[in-house]
Structure formats: C-alpha cells, structure tokens
Amino acid sequence: MINSKVLTGRIIKGVGGNYYVATEYGELVCQARGLFRKKGITPLVGDFVEISSIDYEKSTGYLQGILPRKTELKRPRVANINQVILVCAVVPAINLDVIDGFLIVCENQGIDVILCINKIDLDKGKEYMKIAESFRMAKYRVICASAENGMGLDDLKDAMLGKTSILAGPSGVGKSSILNALYPQFSLEVGGLSEKVQRGKHTTRHTSLLEVAKDTFVVDSPGFTSFSIDHIDKRQLQHHYREFKPYIGDCYYVKCIHVSEHDCAVKEHVGVDIDIDRYERYKRYVTTNREK
C-alpha cells in the first residue's frame with residue numbers, strides 16, 4: 001500500500017540510481033523524481049531529503065525534495081558534513097602537494113579539517129613527526145595514528161564524537177582500516193597497495209554514511225589521487241593558508257601575493273612560524289595556478 005505522507009530522512013548511500021535513505025521507520029530504497037534530472041540536481045550522500053509515495057511493505061519511495069545543504073564537498077561528493085578527517089600514510093610516502101591541495105579545497109568551502117597521519121608504526125625513522133609539526137604550525141590539528149597497533153585512535157574517535165565526519169584521502173592510506181579498528185561492527189573491505197604502481201587499491205567503491213554512535217556519523221568514501229584547484233583565483237590562495245592570515249594586510253603592497261614582493265609581512269615569518277617547505281609549495285601553486 002502506497003502512503004501519501006511525506007517523510008524526511010537522510011541519504012546514507014547511492015548506487016545505480018537508487019538512494020538508500022535512513023528514516024525513523026527504517027531504511028528505504030528511493031529513486032529521484034524526474035524533476036531532479038530536469039533541474040540538474042544530484043542527490044548526495046549526507047543530504048536530508050523529503051520522501052513521498054512510500055511503500056512500507058517494499059521499503060521503497062521517491063525523493064521529492066532536498067533540504068538546504070549546510071556544506072557540500074565536491075570530491076568526494078557528500079553533503080552536510082561537519083569536518084574532514086584527511087588521512088595520509090607514511091608508507092610508501094606522503095604526497096604533500098596533494099595534502100595541501102585538499103586543505104585548500106576545505107578552506108575554500110569553510111569545512112573544518114583534521115589531518116591524520118596513519119601507519120606511523122612503519123616509520124622507523126619517525127619522519128612523520130617533522131611533517132606533523134609543519135602542519136601544526138599551519139594551525140591544523142594533527143593526529144598521528146596506526147590502525148595496526150591502535151596508536152592515536154582514541155584521539156581520533158573523540159574528535160568524531162557528535163559530528164558527521166568524512167575520512168578522505170588517497171587510496172591505500174588506510175581509511176577503511178582505521179574505521180574497522182574504531183568500529184569493527186562494520187567489517188569494511190580493506191585492500192593493500194598495488195604492487196605494480198605502489199598506489200592504493202580502491203576497496204571502497206561507493207560513498208556511504210555510517211551511524212557509529214548516537215548523533216555521530218562517519219562517511220567512508222573511495223580514495224582519490226588528484227584533483228584541481230584551478231577554479232580558485234591565484235590571488236585568493238593566500239586566504240586559504242591559515243598560517244598566513246595574521247599577516248595578510250601588513251605587507252607594503254596592498255595586492256601582495258607573498259612571492260617576489262619586497263617588504264612582505266608573510267615572507268618575514270617564513271622559517272619562524274610559517275613552515276619553509278609548505279611556503280615553497282604555496283609559491284608553486286601560485287605560479288602554476290591560472291589567473292581567472
């Protein structure tokens with residue numbers, strides 16, 4: 001029997017045109033009405049939605065509307081998250097350019113981010129400590145962890161409590177392994193590194209929203225290897241570096257972008273409270289990012 005009552009819920013997964021929606025009456029499998037396609041609207045995991053034409057016997061319905069989004073991350077595509085747990089791994093190596101780029105994306109969209117350096121048990125030289133300190137200088141919270149031996153996982157779990165978090169990062173850094181260590185009841189598929197290219201295998205194939213505790217949700221998503229920040233004007237990149245912000249506006253030139261200008265307040269703090277290597281990567285971004 002079809003119920004005409006409109007129900008609200010939250011999309012927890014989308015596969016092949018079907019959207020799995022958690023509601024107070026259980027999980028419903030829904031399809032989007034044609035008006036979504038006509039208006040170019042794509043429902044996202046994390047969306048709060050209105051459902052109509054509900055068949056409770058078959059646990060099906062139709063998406064009628066999407067409630068206003070508080071946040072929207074483009075890659076991976078997910079809505080209404082409170083924070084990003086950006087996971088990287090010390091093995092085989094951390095791509096700092098990718099980490100910086102993703103931090104820029106988060107800053108651009110106003111989404112808080114925590115950096116998690118995983119697999120520290122494999123870093124015999126403890127190089128991760130220098131990397132962690134460089135991002136702490138950049139005003140980010142950094143959690144050094146090991147899904148293998150449990151180091152740092154209590155801090156990570158506390159940071160997620162009461163929030164909707166997404167674990168994002170390149171393939172093979174251990175996102176699913178971390179979630180399995182924190183919440184073993186989900187038994188997420190885990191893979192290793194590809195022997196051929198030493199990149200992570202895609203073990204998470206679909207973005208999913210997991211309720212891990214009361215009012216606490218975690219998004220498990222496929223990994224990425226690259227993305228673009230070309231949509232951000234190079235003159236605006238400086239505003240996406242937290243460590244620059246106290247000094248922006250104190251430079252001699254009003255339009256200073258802190259690269260080759262003299263009397264630059266930001267450059268004066270490089271090596272003091274601005275990490276030298278991160279600043280050098282910023283300069284590369286500025287000189288290679290196209291101007292809009």
Side-chain angles (χ1 to χ4, degrees), residues 10 12 45-46 69-73 75-76 78-90 94 96 98-123 126 128-186 188 190 204 207-224 240-243 245 275 278:
R10 192 175 194 185
I12 59 174
V45 169
R69 293 168 178 162
K70 294 181 180 179
T71 60
E72 179 183 342
L73 196 61
R75 184 172 182 183
V78 63
N80 299 312
I81 61 172
N82 300 118
Q83 66 182 2
V84 171
I85 309 294
L86 180 55
V87 183
C88 57
V90 292
I94 296 178
L96 297 175
V98 169
I99 299 303
D100 283 341
F102 198 86
L103 292 175
I104 289 170
V105 170
C106 291
E107 293 292 331
N108 182 248
Q109 298 187 37
I111 301 174
D112 198 17
V113 58
I114 295 172
L115 180 62
C116 175
I117 302 177
N118 190 28
K119 303 185 182 181
I120 62 172
D121 56 301
L122 301 178
D123 185 2
K126 298 189 182 300
Y128 72 87
M129 297 179 68
K130 179 181 177 182
I131 295 171
E133 182 57 29
S134 72
F135 285 101
R136 289 181 179 130
M137 287 178 67
K139 317 301 182 187
Y140 288 99
R141 181 177 179 183
V142 181
I143 297 176
C144 300
S146 168
E148 182 67 25
N149 64 25
M151 292 176 62
L153 295 187
D154 286 342
D155 290 338
L156 200 56
K157 195 170 188 177
D158 288 343
M160 296 180 183
L161 194 62
K163 297 183 178 181
T164 298
S165 306
I166 180 170
L167 268 69
S171 301
V173 295
K175 299 185 297 296
S176 295
S177 295
I178 287 173
L179 287 179
N180 279 335
L182 292 174
Y183 311 106
Q185 66 269 32
F186 293 106
L188 300 172
V190 176
T204 301
T207 299
S208 302
L209 182 66
L210 310 173
E211 185 173 11
V212 297
K214 182 176 174 56
D215 299 323
T216 302
F217 298 85
V218 176
V219 178
D220 184 32
S221 66
F224 59 82
H240 301 322
Y241 281 72
R242 295 182 179 183
E243 64 269 46
K245 291 183 179 180
D275 180 70
R278 186 165 142 88

Here the pair of heavy atoms bringing A147 nearest to L153 is CA-CD1, 4.3 Å
Any heavy-atom pair between the side chains of L96 and F135 that's under 4.5 Å?
yes
Could you tell me whether a side-chain N or O of S146 sits under 3.5 Å from a main-chain N or O of K119, the two making a donor and an acceptor?
no
Taking V142's backbone N and O only, do any of them form a donor-acceptor pair with R136's side chain (distance below 3.5 Å, no angle check)?
yes
In the structure I gave you, are the side-chain heavy atoms of V84 and I111 within less than 4.5 Å of one another anywhere?
yes
Between the side chain of T216 and the main-chain N/O of K214, is any donor-acceptor distance below 3.5 Å?
yes
Between N80 (side chain) and R69 (backbone), is there a donor-acceptor pair under 3.5 Å?
no
Does NZ in K70 sit with more than 12 non-hydrogen atoms of other residues, nucleotides or ligands closer than 6.0 Å?
no
Would you indicate whether E211, at its atom CD, is surrounded by more than 12 heavy atoms from other residues, nucleotides or ligands within a distance under 6.0 Å?
yes
Least distance between heavy atoms, I143 atom then G152 atom:
CG2-O, 3.6 Å
Closest approach of S208 and V45, non-hydrogen atoms and distance?
C-CG1, 4.3 Å
Can you find a heavy atom in the side chain of Q109 that is under 4.5 Å from one in the side chain of L73?
yes
Validation row: I131, I117 side chains within 4.5 angstrom (heavy atoms):
yes
Do side-chain atoms of D123 reach the backbone of Y128 as a donor and acceptor pair under 3.5 angstrom?
yes
Any non-hydrogen side-chain atom of D112 less than 4.5 Å from a side-chain atom of N82?
no
Can you confirm whether R242 sits close enough to E107 that some side-chain heavy atom of one is under 4.5 Å from a side-chain heavy atom of the other?
yes
Does a side-chain heavy-atom distance below 4.5 Å link L167 with M160?
yes
The reported gap from NE2 in H240 to CG in L103 (rounded to nearest 0.5 angstrom) is 12.0 Å
Interatomic distance, S165 atom OG to K157 atom NZ [nearest 0.5 angstrom]
13.0 Å
Which atoms form the tightest heavy-atom contact between A89 and I94, and what is the distance?
O-CG1, 3.0 Å
Show the nearest heavy-atom pair for residues C116 and L156, with the distance to one decimal.
SG-CD2, 4.1 Å
Might you point out which heavy atoms bring V87 and P170 nearest each other, and give the distance in Å?
O-CD, 3.7 Å
Separation of I85 CD1 from N118 CG (nearest 0.5 Å):
12.5 Å
Going by heavy atoms in the side chains, are L210 and Y183 under 4.5 Å from each other?
no
Would you check if the side chain of E243 reaches a backbone N or O of R278 as a donor-acceptor pair within less than 3.5 Å?
no
Hey, could you give me the CD1/CD1 distance between I104 and I99, rounded to the nearest 0.5 Å?
11.5 Å
Nearest 0.5 Å, please: how far is CD in Q83 from CD1 in I166?
11.5 Å
More than 12 heavy atoms of other residues, nucleotides or ligands under 6.0 Å from CG of D154: yes or no?
no
Main-chain N/O of G169 paired to K175 side chain as donor or acceptor, under 3.5 Å:
yes
Main-chain N/O of I81 paired to T71 side chain as donor or acceptor, under 3.5 Å
yes
